[in-house]
Amino acid sequence: MSDALAPEFTAFNRWLAAGELRLPWCDACRRHHWYPMPRCPHCRASDIGWRAVAGRARLYSWTEVSHRFDPRYQGPLPYIVALVEFDDAPGVRLVTNLVDTPREWLAVHLPLVADFRAAGETPPRVLFRAALTRSE
Amino acid sequence: MSTDIAIVGIGQTRPVRRADRPLRTLAVEAVQAALDDAGLDASDIDGIITDGVIMPHTVPREFIAAQFGIERGFDGGTSFGGAGNACAPELAQLAIRGGRARTVLYYFGVDWGSRAGGPYGFHDMYPAKMAFEKPYGFNAQPTYFALWARRYMHEYGMTPDDLAAVAIAHRDNALLNPLAQNRKPLTREGYYDSRLVAEPMRVADCCLISDGVGAFIMTSLERARDLRQPPVKVLASRFASEPFTGDDIFTQQREIVRVTGAHRAMEAALAEAGITRGDIDFAELYDCFTISLLVQLEDLGFCARGEAPALVRERGIGVHGGLPVNTHGGLLAHSYLLGVEHVLEAVRQLRGQAGAAQVASAEIGLVGGWSIPDYGVLLLGRDRR
Ligand SMILES: [Zn+2]
């Protein structure tokens, strides 16, 4: 699906495949942004690097998808699409899927951690799960 | 020189889920219907406008010009989709006032009902969506707006009943319109029987998918007064946008549940027309989803943030409600031609030709067109000379 990635997009997947979550970082204004782009959307500088985040996030919004809108997406139905905000990259929100998180726990601000079980797939994906487990 | 312009002819094909003829044929039919409605000949047209993103790949302007033998002296492309439909008069007005054109044709349509990929395929043009969203199954407009609806529920306490009220009001309006694609009555029970596709979005929260084309013709108000139909005056048509792209608009705005451009376009249009919101008798707004209609009512300034569900509940948005909205049934129940049908319906209302859906003493109508991150506001009025 993503065999023609824009050049500024490839670094994210390279880091992710190596088990690390890195986001674009502007050296000029010292802020993260998303998505990757040639100029920083905050200060328009073009000296953009990649900086690791710890992978702790909070749930901003979510939806349980129960319809196959696009046949190119072949995952099992239903699945949860989540929009998450990072504790150490304020203002950046990432689209991801939730795993191992009971449906009744879903609420805005739910603490989450990154899960790398799908980082070896093509394309690599970073998933998230509830920071607490059922037994805690 | 300030020259008022008017919409003098409208035409459309009957919107359907899958048309039995190609989009180009539908476009020719809609344009001919608009010419016939105005009582004009194709040789009267000297400028053509359509949207700048979708139509150039499907029914380009030179195709229409060639089919009708139109000698163009003016050619224009506006935004895309919804904002393009509402802002076409802005461009026509500039051209006519500037002496570059005398009579301008606008047309817009889609065959997303029959085209492979449909509306979802349109977003394949956004590279970050392809790279970082579609692999997670975040791959269709209902999923984007589901995130908005969920967040809006969290912030303002909206309930599924509030979404149901919007869907039901639109379906009730559609029942009054013989051209509407979905004329099956919708009850509250029926809403909850409707299938969840991206919770909390149900099928009944999503716009239709359609094949069809709409067209309208604009010329100076002075000339319009000699033509066949009652002129519908363009009071203002204004575009506004914000520095976002289709890639980041759904997820990265500081406050995601917000219709970029709507407030600024509305303020500019009201100032130009010299009217206030209270003067508006009805509104045809870009209701791609129930949630989008609610947020637009707020960003256009009809109520404060978080209060749109109460506006729908208490003031009413039916044809006979306090603020009639989408009197033809909207994108939710009339058709999904990205809002060109909203312009045509506003013209019918102001001519007094809206049949059973006619708003009593409709003098001024609003059309709100959205094509994220762009917004267009069109204010139309009855010619009161
Ligand atoms: Zn910066």
Side-chain angles (χ1 to χ4, degrees), chain A residues 1-10 12-13 16 33-37 41 44 59-85 90-98 103 106-109 118 121-128, chain B residues 116-124 126-155 194-203 205-206 209 242-257 289 291:
Chain A
M1 191 185 278
S2 50
D3 47 359
L5 284 190
E8 67 267 28
F9 287 3
T10 54
F12 180 83
N13 284 356
L16 188 53
H33 60 262
W34 188 244
Y35 292 84
M37 50 189 94
R44 315 294 158 195
L59 189 56
Y60 183 85
S61 191
W62 77 92
T63 176
E64 184 179 78
V65 182
S66 47
H67 179 77
R68 194 171 304 287
F69 293 100
D70 185 339
R72 291 172 297 183
Y73 177 79
Q74 280 298 319
L77 294 175
Y79 57 95
I80 307 265
V81 170
L83 189 60
V84 306
E85 287 188 316
V92 165
R93 299 194 194 104
L94 189 78
V95 170
T96 181
N97 297 132
L98 291 190
R103 184 75 181 72
L106 295 181
V108 167
H109 304 313
E121 294 177 5
T122 308
R125 287 179 302 141
V126 57
L127 311 177
F128 278 78
Chain B
Y120 316 134
F122 177 66
H123 283 182
D124 284 358
Y126 296 113
K129 273 192 164 39
M130 289 299 277
F132 302 119
E133 294 185 354
K134 296 207 171 193
Y136 295 88
F138 190 57
N139 54 12
Q141 292 85 338
T143 62
Y144 314 152
F145 284 97
L147 288 190
W148 283 33
R150 170 60 61 194
R151 184 71 195 186
Y152 188 95
M153 284 174 162
H154 167 77
E155 290 186 10
S194 153
R195 195 163 55 87
L196 278 168
V197 288
E199 197 264 328
M201 295 284 100
R202 298 173 181 275
V203 171
D205 290 295
C206 305
I209 299 179
E242 294 178 27
F244 287 97
T245 72
D247 271 327
D248 46 38
I249 189 75
F250 287 102
T251 57
Q252 307 300 315
Q253 281 194 76
R254 186 175 308 170
E255 191 184 353
I256 62 168
V257 187
F289 294 90
I291 179 67

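Each chain gets a letter, A, B and so on, in the order the sequences are listed, and its residues count up from 1. Only this structure's heavy atoms are used, side chains among them; waters, hydrogens and symmetry mates stay out.
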| request: Applying side-chain contact (heavy atoms from CB on, under 4.5 Å), run through A:M37 and B:D248 and close with a yes or a no. | output: CA-CA 11 Å; A:M37 50 189 94; B:D248 46 38; 4.1 Å; yes
| query | Of the non-hydrogen atoms in B:M130 and A:R72, which two are nearest, and what is the gap between them? | reply | CE-NH1, 3.8 Å
| said: Show the nearest heavy-atom pair for residues B:P135 and A:Y73, with the distance to one decimal. | reply: O-CE1, 3.5 Å
| note | Shortest non-hydrogen pair, B:R254 vs A:R93, comes out as O-NH2, 2.7 Å
| If you round to the nearest 0.5 Å, how far is CG of B:D124 from CG of A:D70? | 7.0 Å
| request: Flag the one option from B:A128, B:P142, B:G121, B:G118 with the top tally of heavy-atom pairs under 4.5 Å to chain A. | output: B:A128
| task | Using non-hydrogen atoms and a 4.5 Å limit, figure out which bit of B:Q253 sits close to chain A: side chain, backbone, both or neither. | result | backbone
| query | Is it the backbone or the side chain of A:P90 that comes under 4.5 Å from a heavy atom of chain B, or both, or neither? | reply | neither
| field | For chain A, the option from B:P243, B:P200, B:A198 that forms the most heavy-atom pairs under 4.5 Å | value | B:A198
| query | Is the side chain of B:Y136 donor-acceptor paired with the backbone N or O of A:A82 at a distance under 3.5 Å, no angle test? | reply | no
| Validation row: A:P36, B:F132 side chains within 4.5 angstrom (heavy atoms) | yes
| What pair of heavy atoms forms the shortest contact from A:V95 to B:T251, and how long is it? | CG2-CG2, 3.8 Å
| message | Would the distance check show the side chain of A:S66 and the main-chain N or O of B:L196 forming a donor-acceptor pair, the cut-off being under 3.5 Å? | response | yes
| message | Nearest 0.5 Å, please: how far is OH in A:Y35 from CD in B:E133? | response | 3.5 Å
| query | Considering only heavy atoms, which portion of A:V84 lies under 4.5 Å from any heavy atom of chain B: side chain, backbone, both, or neither? | reply | neither
| said: Restricting to non-hydrogen atoms, name the atom on A:Y60 and the atom on B:R151 that form the minimum distance, rounded to 0.1 Å. | reply: O-NH1, 3.0 Å
| request: With sequence neighbours left out, write down each residue that passes ring-ring contact (aromatic ring centres under 6.0 Å, His included) with A:H33, or none if nothing qualifies. | output: none
| Contact class of A:F12 relative to chain B, heavy atoms under 4.5 angstrom | side chain
| query | Between the main-chain N or O of B:G137 and the side-chain N or O of A:Y79, is there a donor-acceptor pair closer than 3.5 Å? | reply | yes
| message | Holding to ring-ring contact (aromatic ring centres under 6.0 Å, His included), I want the full list of residues that pass it with B:Y120, two or more places apart in sequence or in another chain. | response | A:F69
| At what distance, to the nearest 0.5 angstrom, does CG of A:N97 lie from CZ of B:F138? | 11.0 Å
| said: When you measure from the side chain of B:R150 to the backbone of A:V108, do you find a donor-acceptor pair of N or O atoms at a distance under 3.5 Å? | reply: no
| task | Quick one: closest heavy-atom pair of A:T63 and B:L147, and the distance? | result | N-CD2, 3.8 Å
